[in-house]
Amino acid sequence: MNRFKLIVLGFCIVIILLDKYSFISKIRDYTSVYIQKQTTSLIYRIRNYPKLVLLQKTEQRSLETENIKLKQQLERYSILLNQQKNLGVDSKDLMMLATQTKLYTNFDIIIARAIIDINYLVNNKLLIDKGKKDDITTGEAVVNQVGVIGQVGDTNDKNAQIILITNPNLKIYLQMPNTQSKMLAQGIGNNKLIVKYINKSSNLKVGDVLVTTGLDNIYPANVPVAKVVQVFYENNGFNSAICEPIADYNKLQYVVVLKNVNQ
Amino acid sequence: MLTNNSYYPHATLKLAIISLITIATQLIINSITSIYVDLLGIFLVILLVNQLANYQQLFILAFLADIIGHWYLGTHLFSLILISFITEKYYNFYKMSNILQKNISIILFFSLFDGIVCLIGLISHNLKIDMLGFAFEIVVFCPLFFFILSRFFKNTSSDFIY
């Protein structure tokens with residue numbers, strides 16, 4: 001037994017020497033370092049697993065809340081963007097209105113925002129956001145950058161009702177721009193006007209634009225009102241014409257209330 | 001029963017499982033604490049003193065201790081063979097000792113074992129000795145390991161008395 005032990009001891013000394021002086025030490029080192037590395041990483045994972053799970057959950061929660069916030073922000077910004085776009089359109093309208101108002105001599109102008117009622121086609125009326133407080137009175141002309149809209153009807157402190165030119169209760173004197181021949185137009189509803197008592201010699205055609213006369217002290221002269229869509233003969237010796245308003249009520253943003261200075 | 005007796009077919013399996021647990025414990029302690037311990041060394045000494053493993057098993061464990069413990073190849077086996085000259089003669093006295101005496105014996109043998117390992121390390125590789133780890137080993141881990149492994153020992157008459 002002792003001999004066996006001595007042999008083993010000798011073997012151990014040889015291994016120790018080999019470990020010191022040969023490549024075996026490198027293999028031993030690599031093996032031990034690899035084991036140590038794996039163990040350390042495993043222990044690190046085990047130790048930090050609850051923290052990682054907690055971190056993931058908190059991160060997930062924070063991401064969720066952030067996502068909600070961002071969505072809300074996006075919605076807010078998209079609304080703002082739309083408003084900006086609308087404002088852009090509005091400001092264009094206003095610029096055009098402002099340039100137009102310089103044309104109207106003898107008239108004070110009040111710019112108001114049109115509040116389109118969905119039933120304006122039925123009622124042939126619309127509201128504006130200016131009223132008695134802004135010195136708007138009944139009977140004043142309302143135009144926009146395209147043409148005549150109507151006349152002020154009822155008013156209250158903050159609002160005024162505009163009777164559109166397509167309203168059957170409204171009549172307006174018109175003339176042809178070239179011949180200056182006068183005619184009377186009356187609203188017939190359904191976004192139409194009828195012009196009666198047109199002289200046969202006036203040579204009114206479909207597509208002609210009729211303008212205001214400026215004789216009524218309500219409207220300035222030569223403001224476009226309506227476009228002829230149909231001309232027909234009536235048995236009273238005169239022609240009649242069906243017209244459509246120049247202004248598109250669906251696209252109304254701002255209107256100008258014209259106040260005659262001389263009145 | 002942790003013996004090398006053929007009457008206990010699961011003895012080798014048990015030894016393997018305990019060895020693996022010891023290796024894992026040693027790696028964990030060495031990885032997460034600042035102290036360095038050689039639990040496989042203690043395990044080897046306990047096995048040797050109690051004559052619970054044959055030389056083949058001791059060779060394998062010593063080799064593993066060299067790799068896992070970052071010692072140099074052959075040192076554990078060399079030290080083990082050297083102290084085995086004493087433990088063989090000491091075994092009869094050891095058998096009659098009680099738990100406390102056995103504990104002290106294990107501590108002494110392990111100190112001798114570790115001393116030889118460190119000496120080889122000092123001579124061959126200029127090894128740095130971790131005194132704090134050594135203190136932990138002899139104060140905490142030797143009794144603890146002995147206590148755990150004593151569950152697998154054959155109890156002697158003296159153990160029953162005390």
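The structure presented is a predicted model; accordingly, all values stated were derived computationally and were not measured. Naming: A, B, ... by sequence-line order, numbering from 1 per chain.
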With rounding to the nearest 0.5 angstrom, report the [atom1] to [atom2] distance, [X] to [Y].
X: A:K5; Y: B:L80; atom1: NZ; atom2: CG; result: 9.5 Å
X: B:D66; Y: A:D19; atom1: CG; atom2: CG; result: 8.0 Å
X: A:I13; Y: B:T75; atom1: CD1; atom2: OG1; result: 12.5 Å
X: B:S79; Y: A:L9; atom1: OG; atom2: CG; result: 10.0 Å

Are any non-hydrogen side-chain atoms of B:L77 and A:V8 less than 4.5 angstrom apart?
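Yes; the side chains approach each other to less than 4.5 Å.
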
Should A:I35 and B:I68 count as side-chain neighbours, where that means a heavy-atom distance under 4.5 Å?
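A:I35 reaches B:I68 side chain to side chain.
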
Would you find more than 12 non-hydrogen atoms of other residues, nucleotides or ligands less than 6.0 Å from [X] atom [atom1]?
X: B:Y90; atom1: OH; value: yes
X: B:Q56; atom1: CD; value: no
X: B:F147; atom1: CZ; value: no
X: A:K227; atom1: NZ; value: no
X: B:F59; atom1: CZ; value: yes

Quick one: what part of B:F85 sits under 4.5 Å from any heavy atom of chain A, side chain, backbone, both or neither?
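The answer is both parts of B:F85.
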
What are the two closest heavy atoms between B:L73 and A:I16, and how far apart are they?
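For B:L73 and A:I16, the tightest heavy-atom pair comes out as O-CG1, 3.3 Å.
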
Give me the ring orientation class for B:Y55 and A:F4: parallel if the planes are under 30° apart, tilted from 30 to 60°, perpendicular past 60°.
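The rings of B:Y55 and A:F4 stand perpendicular, inter-plane angle above 60°.
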
For A:I43, which atoms come within 4.5 Å of any heavy atom of chain B: side chain, backbone, both, or neither?
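Side chain of A:I43 only, per the 4.5 Å heavy-atom cut-off to chain B.
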
